[in-house]
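The structure appears below as structure tokens.
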Amino acid sequence: MGLDYCAIRSKVLRARKLVIRGTAAAGSGHPGGSFSMAEILGCLFYKHMRYDPRNPQWEDRDRLVLSKGHAAPGLFSNMAVAGYFAESEIDTLRAFGSRLQGHPDLKCPGVEFCGGSLGTGLSYSVGVALAARLDSRPCRVYSVIGDGESDEGQIWEAAMAASKYGVENLTVFLDRNFIQQDSYTERVMPLDSRLGDAEEISAMWLDPDRWRTGDKWRAFGWNVIEIDGHRIEQVDDAIKRARAHRGGPTIIISRTIKGKSVEHMEDNPQWHGKAPAKEMVPIINAELESQSIIAPSIIAGDMTNLAAEVVRCAEGRADYIHLDVMDGRFVPNKTFLHEKVKELRPLTLIPFDTHLMIEEPHRHVRQYVDAGSDIVTVHAEVTDVDTFGEISDTLRENGVGVGLAVNPDTELPEWSLGFLPRVDQIIVMSVVPGRSGQKYIESTHQKMARLMPVLRDNGFAGYVEADGGVNLENAASVFADGARAFVGGGAIVSTSDVRASIRGFRQAVATARRRMLLDMADGLGGSDLVERWIDLHVVGARPAEVRTIAQEAGYVAR
Ligand code: DX5
Ligand code: ZN
């Protein structure tokens, strides 16, 4: 069974866009804390929680208690995507008479708790979980609390009670974004350790010796799991572990970034409670849609010790592990087959991005699903409407993302167009497949220019993964062409410091994205809008960096 990674990721994106749409329409609201918990809610809504949008009061449903109720746009947007109401209802956010108020209210079917008075949701959750136990109902209670909210004494009273009564059907997420209403939590009321006046918030992130929050909860008798709350694979795994834990409640301390996915909102206390200006919405949406994925290809490393290569990529913070399967028939080379994928699977939670360069993929795809792939990509040259249909059904039924690859000499075939709305990933090969370390074929740029409109016109909602000869020099132009996932063999796995190479890729792509967004601002509103876009960036080196890019591009004066 795959992780359902692509499905969750794309719904999280839809929900984030609805948060922007709703808060912009209302002219107020809380995008920052909605975005820090976006992946947490995504994993709950689209994988783990049991509920029925047509029967919100179903007695055996799982309960989601949003204790940090000001992040209501994050809750409502997911409820819309999950089917409780039409997505367009988000336009009524905070309007007089709307079901979607500034804080969750029971008058909206599906809302479990009237949030807003911070600190009370956890006590309520303990009560609901205990009631389910008394009634012998199978429901689980999931609560999301904030770190600023943890200043409330009632949180800790509830923590004691949950522990005393061994409430094992309760799972709490602490959305640990380090920012509360006016400032950084570690300045207002430290949960980990005090942040000095001259220190950046990153000082806390970089020094695990200063993380004390887990110790506090352990001292209260809780099962504590600590994760990166934006990594879908980690959130998913933590929920499974919490469910398996017996004898008491679990807290998943999720380190997150307030405003995550919109650079000017990230780690910026201003965006606790403020709405984006309407003119900025298209630019913000473009930014949300262009989050990138770095996928190191392990065959560029030591083929006699692929396990070590997976570990290097995991320690290097890869988004995917790209696995190039070659059968010696579709391409002259042989690399490894499904047994190897299965052997590597326990080494990391990071999604396995399996690229099948094999003949007759429909006869083998099941083996790669069973081996633990999260995305499987097959080649257009060896599939047709029937076999690809069969393959994509198998993948989807098993929570595996669906990928289609084209070789340098292949255009996207006519038969594939009808599948596009349900394809997650298109691999555009920029080398003749067969081995890593080849040179990027320059005509791929023109091919991408032909391909992108075809994808858009046929309802493609996934992303293009660029594979072959992608490196730090061409990553920006590959991004500008439209690719959002980047395979790196020679440029990542062959280097001695995988982590630094991945960081280099991220920076190159981030610069290209900034440029694209400035370009969009210029097109929509000239230098006036460009100036306003730049001014939104206030944290750290961002304002100067974004301004320099705008100057270099000639959008604003030097
Ligand atoms: C090529 C493979 C690629 C390749 C990438 O047949 O599909 O994934 O290993 O390696 P580089 O980035 O070195 O081209
Ligand atoms: Zn590949």
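Every number for a ligand or one of its atoms is a count from 1 in the order of the listing. What you see is a predicted model, and the numbers here were worked out from it, not measured in a lab.
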For this session: Establish, yes or no, whether the cationic atom of Arg9 lies under 6.0 Å from the six-membered ring centre of Tyr463 and within 45° of the ring axis.
Result: yes
For ligand 1, what N or O to protein N or O distances fall under 3.5 Å?
from	atom 1	to	atom 2	distance (Å)
ligand 1	6 (O)	Gly434	N	2.8
ligand 1	7 (O)	Asp324	OD1	2.9
ligand 1	7 (O)	His355	ND1	3.4
ligand 1	7 (O)	Asp467	OD2	3.1
ligand 1	8 (O)	His322	NE2	3.4
ligand 1	8 (O)	Asp324	OD1	3.1
ligand 1	8 (O)	Asp324	OD2	2.7
ligand 1	8 (O)	Asp467	OD1	2.7
ligand 1	8 (O)	Asp467	OD2	3.2
ligand 1	9 (O)	Ser297	OG	3.2
ligand 1	9 (O)	Asp324	OD2	3.2
ligand 1	12 (O)	Gly489	N	2.8
ligand 1	13 (O)	Gly437	N	2.7
ligand 1	13 (O)	Gly490	N	2.7
ligand 1	14 (O)	Gly469	N	2.8

Exercise. Asp467: which N/O/S atom is nearest the Zn ion (ligand 2)?
Worked result: OD2
Problem set entry | Heavy-atom pair with the smallest gap, counting every atom of Ser430 and Val470 | OG-CG2, 4.4 Å
Exercise. Under 3.5 Å, is there a donor-acceptor pair linking the side chains of His338 and Asp370?
Worked result: no
Seminar exercise, completed: Phe505 and Ala491 have their tightest heavy-atom pair at CE1-CB, 3.8 Å
Problem set entry | Side-chain heavy-atom pair Thr377, Gln425 within 4.5 angstrom cut-off | yes
For this session: Answer with yes or no whether the side chains of Asn78 and Tyr46 bring together a donor and an acceptor at under 3.5 Å.
Result: yes
Exercise. What pair of heavy atoms forms the shortest contact from Gly469 to Asn474, and how long is it?
Worked result: O-ND2, 3.0 Å
Problem set entry | Minimum-distance atom from the Zn ion (ligand 2) among N, O or S atoms of Asp324 | OD1
Exercise. To the nearest 10°, how many degrees is the angle His322 NE2 to the Zn ion (ligand 2) to His355 ND1?
Worked result: 110°
